[in-house]
Amino acid sequence: MSPKFLRIAVVLGLLSAIGPFAIDMYLPALPSIGADLHAGTAAVQMSLLIFFLSMGFGQIVVGPISDMVGRKLPLYGGLALFMAGGIGSAMAPTIEWLIAFRFLQGLGASAGMAVPRAIVRDLHTGTEAAKLMSLLMLVFSVSPILAPLTGSQIIENFGWRAVFWTVTGAAALATILLATSLKETRPVEDRVGSSFGTALSGYRLLMGDRNFLGLVAIAGFGIASFFVYLSSSSFILIDHYGLSPSVYSVFFSINAVAFIGMSQLTGLLAERFGLRRVVRVAVTGYATTMVVLFAVMATGVDRLDVMAALLFIGYGFLGLVIPTTSVLAMEEHGEIAGTASALMGTLHFAIGAVAMGVAGLFFDGTPLPMVAGITLCAVISFTLAKVTLGRSREAVEAPAE
């Protein structure tokens, strides 16, 4: 694996991680934000939900723009918006102002979510794209490991507002890396003819592509299951199980380790078995594990160690689903990679936001509603995989070159 390949993966991973970093790092602060700003649980969770929504739907615009003007300029603009939102969040006097600035911050983060996937497609297809995507996921997944741990330490020593100053500094670092370590991957000649009109045509094409939508939805409900966990885990683990913010961060990070470790096997398994077969097996393992977890907890077993073990196994399987479905969905749409990546990201976050909102309606401070939401998302993802990939011809099943 060449140094250039690794460098690109690191830079793209860091750019992609800026948004999740702003989520994971402040999760341990949710209870203290509510206390400090005199806000209820629903209002505090709204500051998380609004970030997801703006980060998701902002991709609809930034993706086509990256097809029109190149990949780097939208990334610069997104990082600038992110930093402005971070500064505003750090200084927010009320929960309403915090929600408003989190919306702005999420819009900025949308560029870091949509554009790196398009860059991967600009550079590679097939198993090479899967290898780059898995490396990108490796760097990207450092966020759920380090961010909660770092966030809990910052919160305990400096308060929750310092979290936003920290993520603003991380965005400034990402801007420097973007300027010095990443070349433009969409040449001027490839941008000819790209416009908002062609973007709308591209969206119509993608919305009529059942294979694309099916693959996006498989990953979307997998990601949604993790979003459900994100929105409720700090309240359940800190308030219900009595963990400190620091111990909660360690618990949260363990699941990310499983996700990262398995995602790194994507390229190897894709070469051996083919991308589609990897998706089918992984999503089956994920759904089975989550159904077992729900069945156990529904019988009245309220044990943190049981939940931790099964979530660890489940999120390991999920680590194989996300990069593989992303590569497969983008495979046939290289000429509109930015637009395809944008629609993919928006649908992922829209599904996740709806799942979080619905799960929030049933939140009662105990883990069972959260586990039920995760399980439902996993079962839907499994069903979609059966429908989408079950129609595949044997020729498609051959390992990609």
- Excluding sequence neighbours, so at least two apart, what forms side-chain contact (heavy atoms from CB on, under 4.5 Å) with S89? L98, F101, R102, Q105, F164
- Item | E156 atom CD, neighbour heavy-atom count above 12 within 6.0 Å | yes
- Interatomic distance, M356 atom CE to L53 atom CG [nearest 0.5 angstrom]: 7.0 Å
- Note on the structure: Sorted by chain and residue number, the side-chain hydrogen bond (donor to acceptor under 3.5 Å, both in side chains) partners of Y241 (sequence neighbours excluded) come out as D302
- Query: Is a side-chain donor or acceptor of S47 paired with a backbone partner of I99 at a separation under 3.5 angstrom?
  - Reply: no
- Message: Is it the case that the side chain of Y248 and the backbone of S152 share a donor-acceptor pair, with hydrogens and angles ignored and the cut-off at 3.5 Å?
- Response: no
- Query: Donor-acceptor pair, S341 side chain versus A114 backbone, under 3.5 Å?
  - Reply: yes
- Task: Please check if the side chain of S181 supplies one atom and the backbone of L178 the other of a donor-acceptor pair under 3.5 Å.
- Result: no
- Query: Does the D36 side chain pair with the main chain of S32, one donor and one acceptor, at a distance under 3.5 Å?
  - Reply: no
- Could you tell me whether the side chain of T284 and the main chain of R280 form a donor-acceptor pair under 3.5 Å? yes
- Note on the structure: Residues F227 and G352: closest non-hydrogen pair is CD2-CA, 3.2 Å
- Task: Measure from the side-chain N and O atoms of R186 to the backbone N and O of R71, and report whether any donor-acceptor pair falls under 3.5 Å.
- Result: no
- Side-chain (S54) to main-chain (F51) donor-acceptor, under 3.5 angstrom: yes
- So the side-chain hydrogen bond (donor to acceptor under 3.5 Å, both in side chains) pairs with at least one residue in residues 365-375 (sequence neighbours excluded) are D364-T366
- Within-4.5 Å side-chain heavy-atom neighbours: H348 and I322: no
- Message: Around atom CE of M307, are there more than 12 heavy atoms from other residues, nucleotides or ligands closer than 6.0 Å?
- Response: yes
- Task: Please check if atom OH in Y76 has more than 12 non-hydrogen atoms from other residues, nucleotides or ligands closer than 6.0 Å.
- Result: yes
- Item | Donor-acceptor contact present, side-chain D239 to main-chain G365, <3.5 Å | no
- Smallest separation among heavy atoms of Q59 and R117, with atom names: OE1-NH2, 3.1 Å
- Query: Between F226 and Y315, how do the two ring planes meet: parallel, tilted or perpendicular, split at 30° and 60°?
  - Reply: perpendicular
- Item | Any M370 side-chain heavy atom under 4.5 Å of H240 side chain | no
- Could you tell me whether the side chain of F212 reaches within less than 4.5 Å of the side chain of E331, counting heavy atoms only? no
- Query: Would you find a donor on one side and an acceptor on the other, under 3.5 Å apart, between the side chain of S66 and the backbone of G63?
  - Reply: yes
